[in-house]
There are 2 protein chains.
Amino acid sequence: MNRTASIKDVANHASVAVGTVSNVLNYPDRVSQRTKDRVLKAIDELGFVRNDAARQLRAGHSRTIGLIVLDVGNPFFTSVVRAAEDAAALHGSAVLLGDSGHDAGREANYIDLFQEQRVQGLLISPVGDVTERLDLLRERGVPTVLVDRLADEAKFSSVAVDDDAGGYLAARHLLDTGRRRLAFVGGPTSIRQVADRLQGAQRAVKEEADATLEVLESEGQTVLAGRSVGNMLVERGRENLPDGIFCANDLLALGVMQSLTMTHTYRIPEDVALIGYDDIDFAVSAVVPLSSIRQPTEALGRTAIELLAEEVESQNPTHRAVVFTPELVVRQSTGASSAV
Amino acid sequence: MNRTASIKDVANHASVAVGTVSNVLNYPDRVSQRTKDRVLKAIDELGFVRNDAARQLRAGHSRTIGLIVLDVGNPFFTSVVRAAEDAAALHGSAVLLGDSGHDAGREANYIDLFQEQRVQGLLISPVGDVTERLDLLRERGVPTVLVDRLADEAKFSSVAVDDDAGGYLAARHLLDTGRRRLAFVGGPTSIRQVADRLQGAQRAVKEEADATLEVLESEGQTVLAGRSVGNMLVERGRENLPDGIFCANDLLALGVMQSLTMTHTYRIPEDVALIGYDDIDFAVSAVVPLSSIRQPTEALGRTAIELLAEEVESQNPTHRAVVFTPELVVRQSTGASSAV
DNA sequence: TCGTACCAATGAAACGATTCAAACTCGAGC
DNA sequence: GCTCGAGTTTGAATCGTTTCATTGGTACGA
């Protein structure tokens, strides 16, 4: 008796055929008002809820989209996720969220899970390189859009931000404000984004004959990782301190900032200019408001869903790679004397 | 030809019956090694992936758990979500995440969606009061655990943090450090957490005859909302400034801090002591490291999943309400002269 | 009165898995 | 040679939808 009502129960209760109930649910126009009322009344009385498993079994696909991100705790992804959810809702789909935590094993688990769920398609910011596993998805015809990763257009659609341009923007800004001994904090460099931002920075530094760029590899991209790099810098002493630091993301930058300012030995931006990447909400409320590179996260999430919708609808596999250009946000940490 | 292989295709390819393939998948012990090898080979060659819709249609329930939070962007929930995902993975389940954004309509949509998906159970931090919608879930036998909200044990299991105790802790700390003109920032007070924290603070203030507590209602719980309350305080002038401010969460506190420090008129903690709630990562890296109330978010997420598992497994509806006690974290913003 | 057209409603078939009673195989034991 | 039982394998029935060819009914024009 505790079993949830099925469409058959509804049909009996309303004295109609099961097909009619289905039509009320899916093609209300095909049903007369009188019948519709009776059926809706029965649905209400029995507390009927459509079983999506049965529906998608028949339909052959679900109304869900799989989204696998590298770290839900990272505000960059949080923002992308939210935009994707909203955009998906407009398409009448729901987003199944997976967090790989930069772990290839967890990523693989989610890919398998989502395949079993027969998701309409997959949005993924892959761990490391595009693996055979993703190629397999493509072969199986699971529409897939890479997020925050440029891809070979012959294989996948993708949305990304031009990290090289962002890195260039950041380093160029430090150079423009007179800094010459630059440092780049980020890691591991096996992460493409980190590598690209570094490359862009190097490109900018090469434009100035007297400028140098030192690479300080961090263990991950967290506040804590940044703090330990910062501590290392503090121990080096003043003469070995860079005069401009570009961090691969804001969390790192905030960590570095903590270390440098907690000692009360160094001032930002007087002794060291600091710029991050992502422009998270907290950049503006840091000890010294943090300059940063803003990524169009909402556009990223929204566009990813749109590209996926394109793939789902069209049969022929034409892929698009959409690249967004990031934006420099100047705050106090790179020398603007007035705040905000 | 592009259709994904079904269990029947595998059976044909391996020259066995469909039941045997199913047994290989679900009860490997029942199948002889020879047959198992043949079937596994066929699975591999055809790239067979189990269709979860069909499986759950037959089984009557899925291996997913619905989780609806008020705001994925809020680090408190991000942390709970992550802990819940990990705990669910241990139980062999996956988490479907929904973000209600404090909107009852979106919440309702997700509840409906998850019901259609026949989730094993639901974890929810409800918008406002426990609505009839939730009671309906209970009647329909969908195991439900309320998160971050105390519930009548007769009706639901729940995990929560004692917000009254947290509010008391915060206010008591301000009083203990000599503050007497306290202010509470938070809103809307229709949110239970906000109301409880306020109530706890009032309880502490009543213990000191000469202490007062002013309530400053904010528009939401964001950095921006905090900033506008802070701006209002700045305009009031020094003589009307409270000497201790307790914010209903860290985001608000960071916002208030921005306003107060940006003007360079007031010093924290000398002129005003400030304490937040949640102890988010960024509390420690604020302009002035922020004292806060730490909530055991990992325990919350993990326990929620465990309570849900209890509900799913046992038939008789015995509910439990687990309450965690928060913890005071003292930093510079309330007067500890040494940092960290 | 009949034929035609149209609209509603019907209900069997199909989707892809799991389940389970029944059938089969193969030795051991008598 | 026959029986018994354990170990395997079989395949029809089932879950709850959607789909679609078919049927029933009504109205209108010829």
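Lettering of chains follows the sequences in order, A, B, ..., and the numbering in each one begins at 1.
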In whole angstrom, what separates [X]'s [atom1] from [N]'s [atom2]?
| X | N | atom1 | atom2 | result |
| --- | --- | --- | --- | --- |
| A/Ile7 | D/dT18 | CD1 | C1' | 8 Å |
| A/Arg55 | C/dA14 | CZ | P | 22 Å |
| A/Asp29 | C/dA8 | CG | P | 9 Å |
| A/Phe48 | D/dC15 | CZ | C1' | 14 Å |
| B/Asp37 | D/dT8 | CG | P | 14 Å |
| B/Asn23 | C/dT18 | CG | P | 9 Å |
| B/Leu25 | C/dG16 | CG | P | 15 Å |
| A/Asn26 | D/dC20 | CG | P | 12 Å |

Are [X] and [Y] close enough that a side-chain donor and a side-chain acceptor fall under 3.5 Å?
| X | Y | answer |
| --- | --- | --- |
| B/Glu310 | B/Ser157 | no |
| B/His91 | B/Glu306 | no |
| A/Ser93 | A/Gln120 | yes |

Between [N] and [X], is there an OP1 or OP2 to side-chain N/O distance shorter than 4.0 Å?
| X | N | value |
| --- | --- | --- |
| A/Arg118 | C/dC15 | no |
| B/Tyr27 | D/dT8 | no |
| B/Thr20 | D/dT9 | no |
| A/Asn51 | D/dT17 | no |
| B/Ser6 | C/dG16 | no |
| A/Ser22 | D/dT17 | no |
| B/Thr35 | D/dT9 | yes |

Map B/Val16 and A/Ala59 onto DNA chain D by nearest heavy atom, then report which one ends up closer to the 5' terminus. B/Val16
Please classify the nucleic acid contact of [X] as base, sugar-phosphate, or nothing, using heavy-atom distances under 4.0 Å.
| X | value |
| --- | --- |
| A/Asp52 | nothing |
| A/Val21 | nothing |
| A/Ser32 | sugar-phosphate |

Base C/dT18 paired with B/Arg58 side chain (donor-acceptor, <3.5 Å): yes
CG of B/Asp103 to CG of B/Leu70: how many Å apart, nearest 0.5 Å? 11.0 Å
Can you name the residues that form a side-chain hydrogen bond (donor to acceptor under 3.5 Å, both in side chains) with B/Arg106, not counting sequence neighbours? A/Asp86
